[in-house]
Amino acid sequence: LNRAYLIADMPFGSYLTISDAIKNAARLIGEGGASCVKLEGFMPDAIKEISKFIPVCAHLGLLPQTHDCFGTRGRTYKDIKELAR
């Protein structure tokens, strides 16, 4: 890739420990050529540690991979405050 910004999605289970999270994120950057990583699920401790070394991105509001429904969050002020914390 010459100019693309490649986001690598870390599947659930690839960051069960902080050590695994850093190791697997580093592989996606180093071997996979990713520009940054995105974790599935809310894992603030893993995100904090990975982002010390590797760019991490996220998305807010859309829940496309929920097993029982396709939905959104953040439509109400209460939801927005919850997402932002």
Name of the residue among Ile47, Ile54, Asp9 meeting side-chain contact (heavy atoms from CB on, under 4.5 Å) with Val37
Ile54
Is a side-chain N or O of Asn24 found less than 3.5 angstrom from the main chain of Asp20, in a donor-acceptor match?
yes
Identified side-chain contact (heavy atoms from CB on, under 4.5 Å) counterpart of Cys36 within the set Ile7, Val56, Leu6
Ile7
Which atom names give the shortest non-hydrogen contact between Ser35 and Pro55, and what distance separates them?
O-CG, 3.5 Å
Please give me the minimum heavy-atom distance between Ala34 and Ile29, naming the atom from each residue.
O-CD1, 3.3 Å
Start with the C-alpha gap between Leu28 and Met10, add the side-chain angles, then the distance that decides, and say whether side-chain contact (heavy atoms from CB on, under 4.5 Å) holds.
CA-CA 8 Å; Leu28 287 170; Met10 293 183 66; 3.4 Å; yes
Distance from Ile18 atom CD1 to Lys23 atom NZ, nearest 0.5 Å?
13.5 Å
